[in-house]
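Since the structure comes first, as structure tokens, the remarks are kept for the end.
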Amino acid sequence: MPQTTASSSDGLRDTYAPRPDRFDRAGQDQLVDVRDLQAALPGIHRLRKWAHDALALRPGERALDIGSGTGSEVLVFADAVGPTGTAIGVEPDPHLLASAERRAADAGSRAKFHTGDAYGLPFGADSFDAALCERVFQHLTAPARAATEIARVLRPGGRAVVVDVDWGTAIVHPGDLATVRGVIDTLIAATTNPFAGRRLPGLLTKAGLVIDEIGSHALIQDRTVGAGSLVHRISAMAVARGSITETQRDELLAELRRGADNGDIHLSVTMFAVLAHKPE
């Protein structure tokens, strides 16, 4: 798996999905649609293909997706490991779990799903040949604990790919630098583990895994949408917390609208993917 940097015209609003426990009832019902939309984004699709190529599942192997969402990647795992293998997804949100089970049933897939989270995987040690964990670590207050769990359930020689965003890499252009800094700082403050992407290699190494490759992918927002809903929402939060004024927010949004009109606009964030293995 080569180290790469790429870009695509993704909506950053879909990468920054709120945690399930922050939704009201109506929001819970929409969560499945949000996750499916994320899966359709070109950048996420490329990273997932990268992850599957890196894990290189073989027939008969056991594979685990931690934070499996609507189950799409577990279905891919099930096809790869075949009838003699096992593909399991672990997901704490009951709405996503139910959707994943329906999807597997409709597809006639052997994929299986369990309730659980990254802190306490419901499996014994040395249970899996491969594991995937995508966009989970940014929401964790104790990411080292999750990394230890991944290492625990992998068999000796087992592979893991962990993928997450690093909000410290966010770029918003054009705009007054102090205003932009206030918005990005607010985004960072609103995320449980905002620098998850850069921390992945160290966390996995401390958990006893060996890093094999590190890849990255810049998710670039469609230039035609201007600020987009993420910047609108986070800039409003920045005003509420006193990081910027309402006037500064209005000026920033206006600059981004003009940038979208004349082509001078760039909004992006970088995601990182780490391939590691458990020593024999």
Side-chain angles (χ1 to χ4, degrees), residues 2-18 34 37-48 50 134-139 143 162-202 214-274:
Q3 186 168 356
T4 62
T5 301
S7 63
S8 62
S9 55
D10 300 324
L12 301 184
R13 62 191 181 278
D14 301 311
T15 304
Y16 185 71
V34 170
L37 176 61
Q38 291 173 345
L41 292 170
I44 300 299
H45 177 76
R46 291 189 182 99
L47 275 176
R48 286 182 169 179
W50 198 67
E134 178 196 311
R135 287 176 296 159
V136 171
F137 275 60
Q138 65 179 295
H139 302 300
V162 184
V163 180
D164 225 308
V165 70
D166 189 313
W167 289 105
T169 67
I171 297 173
V172 175
H173 169 82
D176 172 74
L177 293 180
T179 303
V180 169
R181 187 70 260 169
V183 172
I184 293 176
D185 285 348
T186 299
L187 173 57
I188 289 171
T191 306
T192 304
N193 184 22
F195 306 116
R198 73 186 66 177
R199 298 185 63 199
L200 293 177
I214 301 173
S216 63
H217 196 115
L219 301 182
I220 303 175
Q221 183 161 286
D222 188 331
R223 295 163 62 87
T224 65
V225 303
S229 60
L230 176 60
V231 172
H232 273 87
R233 180 164 60 86
I234 299 299
S235 61
M237 292 173 58
V239 172
R241 73 195 293 255
S243 296
I244 63 174
T245 66
E246 189 69 52
T247 298
Q248 287 176 310
R249 177 177 187 258
D250 291 343
E251 290 174 352
L252 174 63
L253 297 179
E255 281 197 70
L256 290 169
R257 283 193 297 270
R258 289 193 294 270
D261 291 338
N262 63 29
D264 182 22
I265 187 170
H266 179 98
L267 294 94
S268 70
V269 69
T270 300
M271 295 188 72
F272 294 90
V274 179

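Two residues are said to be in side-chain contact when any heavy atoms from C-beta on lie closer than 4.5 Å; Val162 and Phe137 meet this criterion. Taking the side chain as every heavy atom from C-beta outward, Leu267 and Ile265 approach each other to under 4.5 Å.
In terms of the side chain to side chain donor-acceptor pair (under 3.5 Å) criterion, residue partners of His266 (sequence neighbours excluded) are, by chain and number, Ser268. Thr169 meets the side chain to side chain donor-acceptor pair (under 3.5 Å) test with no other residue; sequence neighbours excluded. With sequence neighbours excluded, the residues that form a side-chain contact (heavy atoms from CB on, under 4.5 Å) with Glu251 are Thr247. With sequence neighbours excluded, no residue forms a salt bridge (Lys or Arg N to Asp or Glu O under 4.0 Å) with Arg199. Remark: Asp250 pairs with no residue by the side chain to side chain donor-acceptor pair (under 3.5 Å) rule, at least two apart or across chains.
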Could you give the side-chain donor-acceptor pairs of residues 181-188 under 3.5 Å, partners two or more places apart or in another chain?
unit_1	atom_1	unit_2	atom_2	d
Arg181	NE	Asp185	OD1	2.9
Arg181	NH2	Asp185	OD1	3.0
Thr186	OG1	Gly182	O	2.8
Thr186	OG1	Arg241	NH1	3.2

Using residues 253-264 as the side-chain source, report each donor-acceptor pair under 3.5 Å to any protein atom, sequence neighbours left out, with the distance given to one decimal.
unit_1	atom_1	unit_2	atom_2	d
Asn262	OD1	Asp264	N	2.9
Asn262	ND2	Arg258	O	3.3
Asp264	OD1	His173	NE2	2.8

| task | For the pair Thr192 and Gln138, evaluate side chain to side chain contact (heavy atoms under 4.5 Å, CB included) and give the outcome as yes or no after the intermediate values. | result | CA-CA 6 Å; Thr192 304; Gln138 65 179 295; over 6 Å; no
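Looking only at distances, no side-chain donor or acceptor of Asp164 sits under 3.5 Å from a matching main-chain atom of Met271. Looking only at distances, no side-chain donor or acceptor of Glu134 sits under 3.5 Å from a matching main-chain atom of Ala273.
Considering OG of Ser235 and CD of Glu246, their distance stands at 8.5 Å, rounded to 0.5 Å.
Between Arg198 and Asp166 a salt bridge is recorded (basic side-chain N to carboxylate O distance below 4.0 Å).
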